[in-house]
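Encoded as structure tokens, the structure appears first; notes follow it.
What you see is a predicted model; the values in this text were computed from it and never measured.
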Amino acid sequence: MRWLVGWSSAAAGITGLGSAGATGPDGETLQPVGSQLLWGDPDPLWAVGDWRPDEVRVVVADTQNRIAVLGTCGASDEDLRRALFTARGGALRHLTTWPGSYTAVVQVGRRLTVCGDLAGARPVFHTPWASGTAYATAALPLADLVEANLDFGHLAALLAAPEVPAALRDTTPYEGVRRIPPGHALVLRGGAREVVGYEPVASLAVAASPADPDRAVDGIRDALVEAVRARLSAPRHVPELDPGPVPGMGPAERRAARGMPVPGIGADLSGGSASATLALLAAGLPGRPGTLLGHGTGAGERLLAVTFNDLAVGGHEAELERAGTLAANPRLHHVVVTGGEETLPYADLDGPLTDEPGPSLVTAVRHRARLAAGSADHFVGHGARQVLDAHPARLADLLMDRKRRHLVRPVAALTRADGSVMVPARVYGAARRLARTPYRAGLELLAERLMRRRFDEPHGALDASLAALTWARPGSAARWLTGEALAEVSVLLQGEAVRSSMGSVQRPGEFRARAVLARHAADLRVLEQAAEIRSQRLHAPFLDNQVVRACRALPEALRVQPGARAAVLRTVLEGAGVTDLPPGWGVPSHATSAAAVRAGLRMAADSLVDLFSTPLLAEAGLVEARVVRKALRAAAAGEPLPLDGLADLVSLELWLHRLLARRGTCWTGTPSRVRAVPAGIAPRRGALTPGV
């Protein structure tokens, strides 16, 4: 896990800040564990963790003007120097427009600016501390710093409405630790904090400006190529040398067994369109995209393509065949990783503590098995569906812009899937209601649904689309929460509805799409930490700022058409010179994933029931243990319960166990230093009410 941390004090030297550390409220000297100092007092900044040398860059104009960029950034030092002078006037957006995935910190005098990203994959957190403000790119270090307890209101909202920004607001699992929203920056002046947005938001007063589809697709191609090139241009990283042979094991097996990635650059090749696009783009760009000469296969120009073959659950034959056809490219070195019952979801629930909870915790072992055979720099296709596909609520956006004719093809596809002649009328009616529903009314409706426990699980593509045609809807795990927890979230939503009486400045479809993207990016961050392979970096170019911007410029009329994502990525590859794609490329396949989750749930049913024998979630007042145990047994028996909701419950329970079991802290200091959540799970009456 890698993060940066710093703080801004109310006045220079007021808390004893300096290059050697800081004097806390109890007189102890504090410093992050395993840190490197980027700059010192009066507002110090540290980089913590196993950062590579090329991932941390600091450009200094003078002692009071400097910029630090951490991560993969395609900007040159001269670009950073120019950006530093531009930032003196308060401009922020240009700090987020370079290719790559990074966090930028700018110091101009006593003003500090920390930029978050558009997707939420690289968040920024802050909390009041020592007459000032501490900030970090991880929440747990700040929770340790202020000895924060759990925020039960946030945990309840995380289960009741995980895709509703009004429910989660800017809170975190730790009380008093706040998160800046995607597309915003944290500005600190002498300890005082301000959260400002750097991305323009479309107004409801006028229709969306017309966009040229061809130009938008060209923009996506250019952004993806630049994102991939930024990774290929970075210095190559060679993991620690192999200690030596093991009888009966080849080099690849030995590396995987020891948790060491293959040197060089690789990519997932699942047979889907997103991973295939990145693999083919990376393999086609000049500059030796694959392994280093003298390491691995010895073919310096080839890119390692990893395909996961699930032997425990069938149905992947078409994807494997497409992956094999794509891997026939001479620039690719194809590796197939097989997994049996030991890699099913829920099969292995042991793992490291992550910064925050997320449903990926129950599938981490599955991803770790694949990534262990990957490269030191590994491309993944996560985020493509969220930035390219159309959320069903975008149909309401089209009605608001008077583009009814563009609803014909998506409605026809739903009609074919459902087989009912009433589909067009039902979809059009739901989209029209949403287009005429204010944001405040949408929040009030969700609050009422939670209070009355109305949780109708959709069946089929049509029901799912109709259920998504709302401003906000309950999470899959909401049905298993206690009445008190649901009431607290309902009251919170009613308060947010009153505060949002001016209405949302976004269209409902765009609003829902951004919320889904933020949820996915947060879970990918959890996955990176839970399935982390030492010396490996995962790269998700679809979540880069410039790629997200390019995808948002895609016209909604094109986005809502069936198969739009595959068509866009096919055009992107054709523009990059890749034309030989196998038949069926881009065909979605979610049934096999659901089958794997159900199979894993069936195998791990006994251990999951034991996990919820005396759950911490019940101790916190969020669930009743017997209700969850009954649901786990029913789902394992094959009853049609929402599997996503069970994953949310199990992952949050696992995360709480790991958090309370930790003994260390993120800070050095005196032995009296206390870590986050010092009192454990100690709810009191009204504890679910979020703190100020």
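His94 and Trp98 have perpendicular rings, their planes meeting at more than 60° on a 0 to 90° scale where under 30° would count as parallel.
Here the side chains of Pro642 and Arg479 are in contact, with some heavy-atom distance below 4.5 Å. Between His382 and Leu538 the shortest side-chain heavy-atom distance does not fall below 4.5 Å. Val187 places none of its side-chain heavy atoms less than 4.5 Å from the side chain of Val195. Contact of the Leu527 side chain with the Leu361 side chain is not registered, since no non-hydrogen atoms from C-beta on lie closer than 4.5 Å. Taking the side chain as every heavy atom from C-beta outward, Asp355 and Phe125 approach each other to under 4.5 Å. Under the 4.5 Å side-chain criterion, counting only non-hydrogen atoms from C-beta, Leu486 is in contact with Arg453. Annotation: side chain of Arg512 is in contact with side chain of Glu163 (closest heavy-atom distance under 4.5 Å). Taking 4.5 Å as the limit, every side-chain heavy atom of Thr571 sits out of range of all side-chain heavy atoms of Arg221.
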Please lay out, stage by stage, how Arg565 and Arg559 fare under the test side chain to side chain contact (heavy atoms under 4.5 Å, CB included). CA-CA 8 Å; Arg565 173 167 34 110; Arg559 189 191 298 269; over 6 Å; no
Legend entry - Derivation of the side chain to side chain contact (heavy atoms under 4.5 Å, CB included) call for Leu443 and Gln494: CA-CA 7 Å; Leu443 291 183; Gln494 290 172 359; over 6 Å; no
May I have the step-by-step check of side chain to side chain donor-acceptor pair (under 3.5 Å) for Arg385 and Ser273, ending in yes or no?
-> CA-CA 10 Å; Arg385 180 179 297 111; Ser273 57; over 6 Å; no
Could you go step by step and tell me if Leu450 and Phe455 meet the side chain to side chain contact (heavy atoms under 4.5 Å, CB included) rule? CA-CA 8 Å; Leu450 293 177; Phe455 309 117; 3.9 Å; yes
Handout entry: Check against salt bridge (Lys or Arg N to Asp or Glu O under 4.0 Å), Glu574 and Arg570
Key = CA-CA 6 Å; Glu574 289 175 352; Arg570 183 186 295 271; 5.3 Å; no
Candidate pair Arg169 and Leu492, rule side chain to side chain contact (heavy atoms under 4.5 Å, CB included), full reasoning = CA-CA 10 Å; Arg169 301 176 298 156; Leu492 169 65; 3.7 Å; yes
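A salt bridge is absent between Arg179 and Asp170; no separation between the charged side-chain nitrogens and carboxylate oxygens falls under 4.0 Å. Using a cutoff of 4.0 Å between basic side-chain nitrogens and carboxylate oxygens, Glu496 and Arg440 are not scored as salt-bridged. Look at Arg215 and Asp218 and you find no salt bridge, because none of the NZ, NE, NH1 or NH2 atoms lies under 4.0 Å from a carboxylate O. The pair Asp397-Lys403 does not count as a salt bridge, with every side-chain nitrogen at least 4.0 angstrom from each carboxylate oxygen. In this structure, Arg122 does not pair ionically with Asp117, as no charged nitrogen and carboxylate oxygen lie closer than 4.0 Å. Contact check on Arg394 versus Glu510 returns no salt bridge, with no Lys/Arg side-chain nitrogen under 4.0 Å from an Asp/Glu carboxylate oxygen.
For the residue pair Thr171 and Asp151, no side-chain donor N or O sits within less than 3.5 Å of a side-chain acceptor on the partner. Judged by distance alone, the side chains of Ser275 and Ser270 do bring a donor and an acceptor atom under 3.5 Å apart.
The two residues Leu398 and His406 have their closest heavy-atom pair at CD1-CB, 4.1 Å. Residues Thr437 and Trp471 come closest through the heavy atom pair O-NE1, 2.8 Å.
For Glu528, there are no salt bridge (charged side-chain N to carboxylate O under 4.0 Å, His left out) partners two or more places apart in sequence or in a different chain. By the ring pair (Phe, Tyr, Trp, His ring centres under 6.0 Å) test, Tyr346 pairs with no residue at all, sequence neighbours left out. Partners of Arg404 by salt bridge (charged side-chain N to carboxylate O under 4.0 Å, His left out), not counting sequence neighbours: none found. Residues forming a side-chain hydrogen bond (donor to acceptor under 3.5 Å, both in side chains) with Arg552 (at least two apart in sequence, or on another chain): none. Remark: Val124 pairs with Val114, Ile180, Leu186 by the side-chain contact (heavy atoms from CB on, under 4.5 Å) rule, at least two apart or across chains.
If you look at Phe511 and Tyr439, their ring centroids are closer than 6.0 Å.
A side-chain contact (heavy atoms from CB on, under 4.5 Å) with Phe542 is found for one member of Val548, Ile220, Leu388 and no other, namely Leu388.
For CZ of Arg432, the number of neighbouring non-hydrogen atoms (other residues, nucleotides, ligands) closer than 6.0 Å is 12 at most. By the 6.0 Å contact criterion, CZ on Arg426 is open, its count of non-hydrogen atoms from other residues, nucleotides or ligands being 12 or less.
The distance from atom OG of Ser476 to atom CG of Leu641, rounded to the nearest 0.5 Å, is 11.0 Å.
Among residues at least two apart or in separate chains, side-chain hydrogen bond (donor to acceptor under 3.5 Å, both in side chains) pairs with a member in residues 631-652 are Arg519-Asp648.
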